[in-house]
Amino acid sequence: MKVGIVLNSSKGLKTSAVETIIRHIENRGSSVELLNFNKPLPELDIVLSLGGDGTVLGSARYVGEIPIFGINIGHLGFLTGMEYNLPKVIEAITLILNNQFTIDKRKRLEAQVYRRKRNVAYCTALNDIVVKGAIAKLVRLRTHIGGDYVGTFPADGIIISTATGSTGYSISAGGAIIPPDLGINVITPICSHLLNVRSMIACDSKEIKIAVESYHKGLLLSADGQVDIELENDDCIIINKASTVTNLIRLSNETFYQLLSRKMKWE
């Protein structure tokens, strides 16, 4: 088996621990390679992502549909498969190398930006697509869902979240928490200036169209908080379910609601 490792060095994981993980993989007869997002992707069977949710998001963007096992050295870690503990990590890797795991397929979003009817940008996201103005600058968002005009919302921005991303930025803006196996997107205006505006839920088969009205510079479209695309007044963003998925490796039988209760410390 060919194993790639994505390491978030800012999390302070000891070099000796990484060496132990690499040595264990090689002793099991598999090859291993430390990955660099700035270099071409080598041929791999699985990827170990050591960090937090942001590391998993970056890994997913880099490796495509190659299965990812997230090891949480961060905070919440909703996307990761386990908390970091070196002996338990070694046990988990042994199971993975023996193909004793399941794959959790997570849907992605794709966003296309049109400017004067020309397609000028494209990106995908596992968690969310965010359209946001400069700090303290209002933007008006003409929003359509499934071809139906919903409304024009004056707000700081808007979050289009997958069910997976509902526990990310969306929840802090008042969006609902959605189990990741549901085919649902969450549309949440950020700090709307209309008091009757609420987060909305839409089937992920419905196209979402957002036309932006802003006369201030600094308007951005952000994918998973990692890819930023500069927008202009009257740009139109078309958001659909992507043709690709992110494959997350799971070893535990823990349900989403059990995970939610544990991560949110509702226990």
Side-chain angles (χ1 to χ4, degrees), residues 1-8 11 13-37 39-74 76-108 124-127 162-165 167 179-183 224 241-260 262-263:
M1 187 176 287
K2 298 176 181 178
V3 181
I5 294 179
V6 174
L7 174 64
N8 187 335
K11 299 299 181 182
L13 188 64
K14 293 182 179 179
T15 301
S16 59
V18 179
E19 292 173 345
T20 298
I21 292 170
I22 291 174
R23 188 164 53 249
H24 177 71
I25 295 170
E26 291 177 337
N27 288 343
R28 302 285 301 184
S30 294
S31 63
V32 60
E33 184 166 347
L34 286 172
L35 302 180
N36 185 327
F37 292 167
K39 294 183 179 180
L41 177 67
E43 184 179 341
L44 298 169
D45 295 307
I46 64 161
V47 170
L48 304 179
S49 174
L50 284 79
D53 282 345
T55 311
V56 174
L57 291 171
S59 300
R61 186 174 305 283
Y62 178 59
V63 308
E65 295 190 330
I66 297 171
I68 301 167
F69 183 65
I71 299 166
N72 185 37
I73 315 174
L76 283 177
F78 271 102
L79 297 176
T80 57
M82 67 177 296
E83 303 298 315
Y84 176 77
N85 174 287
L86 186 55
K88 292 183 179 179
V89 166
I90 296 300
E91 292 176 7
I93 291 172
T94 300
L95 292 174
I96 292 170
L97 295 177
N98 289 333
N99 289 305
Q100 295 176 274
F101 60 85
T102 59
I103 292 291
D104 185 2
K105 293 184 177 294
R106 298 294 182 91
K107 297 169 185 176
R108 298 180 66 86
T124 68
L126 173 58
N127 261 8
T162 61
T164 292
T167 50
D181 57 344
L182 295 186
D224 284 340
K241 180 168 64 176
S243 59
T244 58
V245 299
T246 293
N247 291 307
L248 299 180
I249 292 174
R250 294 296 179 206
L251 300 176
S252 166
N253 292 322
E254 185 178 44
T255 69
F256 171 72
Y257 292 106
Q258 290 170 337
L259 172 68
L260 182 66
R262 177 169 59 83
K263 292 291 186 180

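The figures that follow rest on heavy atoms only: side chains count, while hydrogens, waters and symmetry mates do not. Sequence positions, counted from 1, serve as the residue numbers for this chain.
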- Task: Mark yes or no for whether Arg61, through its side chain, and Leu126, through its backbone, hold a donor-acceptor pair below 3.5 Å.
- Result: no
- Message: Can a donor-acceptor pair be found, under 3.5 Å and without considering hydrogens, that links the side chain of Lys263 to the backbone of Leu76?
- Response: yes
- Query: How about Leu251 and Met82: do any of their side-chain heavy atoms sit closer than 4.5 Å?
  - Reply: no
- Query: Under 3.5 Å, side chain of Ser49 to main-chain N/O of Phe69, donor-acceptor pair present?
  - Reply: no
- Mind checking what makes side chain to side chain donor-acceptor pair (under 3.5 Å) contact with Thr167, not counting sequence neighbours? none
- Task: Output all residues satisfying ring-ring contact (aromatic ring centres under 6.0 Å, His included) with Tyr62, sequence neighbours left out; order by chain, then residue number.
- Result: Phe37
- Query: For the residue pair Thr164 and Pro180, what are the closest heavy atoms and their distance?
  - Reply: OG1-CB, 3.8 Å
- Task: Taking side-chain contact (heavy atoms from CB on, under 4.5 Å) as the test, write out the residues that go with Thr244, two or more places apart.
- Result: Glu65, Arg108, Ala242
- Note on the structure: Sorted by chain and residue number, the side-chain contact (heavy atoms from CB on, under 4.5 Å) partners of Asn98 (sequence neighbours excluded) come out as Arg28, Thr94, Gln100
- Message: Just to verify, what does Asn99 make a side-chain contact (heavy atoms from CB on, under 4.5 Å) with, not counting sequence neighbours?
- Response: Met1, Phe101
- Note on the structure: Applying side-chain contact (heavy atoms from CB on, under 4.5 Å) to Arg262 and not counting sequence neighbours gives Glu83, Glu254, Leu259, Glu267
- Query: Heavy atoms, side chains only, cut-off 4.5 Å: are Val56 and Leu248 in contact?
  - Reply: yes
